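Chain identifiers are assigned alphabetically (A, B, ...) following the order of the sequence lines, protein sequences preceding nucleic acid strands; residue numbering begins at 1 within each chain. All figures in this text were calculated on a predicted structure; none of them were measured in a lab.
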There are 2 protein chains.
Amino acid sequence: MARNVEFDEEVAIQKAMEVFSEKGYNGTSLRDLTDAMKINSSSLYNTIGDKQELFVRCVKHYTEIRKRDLQKRATSAESPFTILVNYIHDAVAEIVSGAESCMTVKAAFEVATNDQRIKDILKEDSEYSYQFICSHIAKAMEKGEISSEEDPQLLADYFISTWTGWNESYILYKDPVKIQRMANYFIKQLSK
Amino acid sequence: MARNVEFDEEVAIQKAMEVFSEKGYNGTSLRDLTDAMKINSSSLYNTIGDKQELFVRCVKHYTEIRKRDLQKRATSAESPFTILVNYIHDAVAEIVSGAESCMTVKAAFEVATNDQRIKDILKEDSEYSYQFICSHIAKAMEKGEISSEEDPQLLADYFISTWTGWNESYILYKDPVKIQRMANYFIKQLSK
DNA sequence: CCATTTCTGAAACAAGCATTTCAGAATTAA
DNA sequence: TTAATTCTGAAATGCTTGTTTCAGAAATGG
C-alpha cells in the first residue's frame, strides 16, 4: 500500500563510485555525491545510509565487479598462461584508460589505514586476485608454459605490488609506454 | 627593532608532516595541525601560509630528506651493488617500521591527481630516486656485479613501482616477511 | 476513489572548517 | 627607559560540512 523508491540504486552507487574515485573519500562532499547520484540527501539517508556506508557500498560494488571479471576469466578455454597474459594486458589497459581504475588503491592509502571495514574489503579483494594469479601461475608451470621456478605465491604477491605502483606511475607521468614495458618485463620474468 | 618568531619552523613542519602522513591532506584539520605544531593559527598564517602551502612545505621537506639520504649513499665507498642492496633493505625497514614512510605515496594518490604543484614535487622526487637506482645498476653491470642484461632504466622504473606496492601491502597485511621476500626477489632478479 | 503508507524536496540544523582580525604582550635597538 | 616593531592568543569570521526534519506529493492495494 505504498510508494516505491524512485531511483535505481545500482546506477546511483556507480555514480557515487566515480566521484569518490576522482576526489577521494574526504575530498568528496555530500553535495558532490547527491549531485552526481541525482537524488536528495533524504533519499540517500533513507535507503543507503550515511557517507561512510555509501563509501563501503561503493568499494564493495567495485570489488564485486572485479571478482566477476576474474571468475569469467578463470572459466576461459584458453591456456593458463594465456589467461594470465590477457589479464595483465587488460590491467594495463585499464590503468592507461584513466578510468576510476585505482579506486581500491586510492582507498587503501587514504582510508584503509584508519578504517578496519574498508581494510577488510580491500584484503578480500586483494586475496581474490592473489588466488587467481597464483593458481594460474601454478597451472601454467605444470603445463610447462612458464619456465620460472619461482614460488607462485611470491610471484602473485609481486605482481599485485607492482600493479599498485603502475597506478602511481601513471598518475605522475601519464606515460602508457612506461607501464607497458613494465608489464612485458613481468611476463618475461615468468617465462625464463 | 622587533620581535623574532618564537617557534622553530623546521620542528613545526616535521610535526605537521607526521599528522598529514597519518590522516592524509583532506583528513587533517587545521586544529590537528596547530595542535601538533604547538602554534596558533595566526602564527601559522603569518609565517608559512595557508593549509595548502603548509602541505607543500611538508612534502618538500620529506623529499629533501630523501634526497640527502640518496646523496649520502652515492658517496659511499661500497661497491654499486652493495649500495643498491643496502638501499633496498633500508627501504623495506622503513616501510615495516610503520613510520610516516609512505607520505609521498599517499600524497600521490590523494592529492597529486588534482594538484599540479604536488605532482611536480613528487615527480622530481621520483626522478631523483630513479637516477640513483638507474646509475647504480649501470655501474654494477659494468663491474660485473649484476648479471642481468636488462635495461637499467626499466629495472629502476620497475623497482619504484614495486616499492609503492609494498607500502600498500604493508597497510593491508602488516606482514614484514611478505615485503622482505619481494625485496629479496627483486635483488635476485638483478643478479641472474 | 479512498485510506494508508512511503518517498521526496527544500529547508533547517548544529558542528566543524579554513581563515582573519586585532588588542596586547614581547622583543628589539637606541 | 623608551619608542618602534613584530609576534601571539583568543575570539570572531563566514562558509561548508554531514545529517535531520517534516510537510506534501506520489504510489499503492482494496
Atom CG of B:Asp35 to atom C1' of C:dC17: distance rounded to whole Å? 14 Å
Please work out the stems of DNA chain D from pairs that are Watson-Crick or G-U wobble with both distances under 3.5 Å, keeping only runs of three or more consecutive pairs. C:1-12 with D:19-30, C:14-17 with D:14-17, C:19-30 with D:1-12
Could you check how far CD of A:Gln52 sits from C1' of D:dT17, rounded to whole Å? 14 Å
What is the distance from CZ of B:Arg31 to P of C:dT19, rounded to the nearest Å? 15 Å
Does a donor on one side chain sit under 3.5 Å from an acceptor on the other, for A:Tyr185 and A:Gln189? yes
Rounded to the nearest 0.5 angstrom, the OG1-CD1 distance for B:Thr113 and B:Ile118 is 11.5 Å
Please report, rounded to the nearest Å, how far the P atom of D:dT16 is from the NZ atom of A:Lys23. 13 Å
From OH of B:Tyr25 across to P of C:dC17 the rounded distance in Å is 13 Å
Less than 6.0 Å separating the ring centroids of B:Tyr87 and B:Phe132? yes
Using a 3.5 Å cut-off and no angle test, enumerate the donor-acceptor pairs between side-chain atoms of residues 77-84 of chain B and protein atoms at least two apart in sequence or in another chain.
unit_1	atom_1	unit_2	atom_2	d
B:Ser79	OG	B:Thr82	N	3.3
B:Ser79	OG	B:Thr82	OG1	2.9
B:Ser79	OG	B:Glu145	OE2	2.5

Between D:dG18 (P) and A:Met37 (CE): distance, integer Å: 13 Å
Full working for salt bridge (Lys or Arg N to Asp or Glu O under 4.0 Å) between A:Asp115 and A:Lys119: CA-CA 6 Å; A:Asp115 186 329; A:Lys119 195 188 277 187; over 6 Å; no
Figure out the CG/P separation between A:Asn26 and C:dC17, and round it to whole Å. 11 Å
Please confirm whether the backbone N or O of A:Ile95 pairs with a side-chain atom of A:Tyr170, one donor and one acceptor, at under 3.5 Å? no
Mutual orientation of the aromatic rings belonging to A:Trp166 and A:Phe159 [parallel < 30°, tilted 30-60°, perpendicular > 60°]: perpendicular
By the 4.0 Å heavy-atom rule, please label B:Thr34 as base, sugar-phosphate, or nothing. nothing
When the distance from CG of B:Leu30 to C1' of C:dA15 is rounded to whole Å, what number comes out? 16 Å
Please check: side-chain N/O of B:Glu110 versus main-chain N/O of B:Asn26, any donor-acceptor pairing under 3.5 Å? yes
Near DNA chain D, under 4.0 Å by heavy atom, which residues of residues 38-50 of chain A? A:Ser41, A:Ser42, A:Tyr45, A:Asp50
Think A:Lys123 forms a cation-pi with A:Tyr130, using NZ or CZ under 6.0 Å from the six-ring centre and within 45 degrees of its axis? no
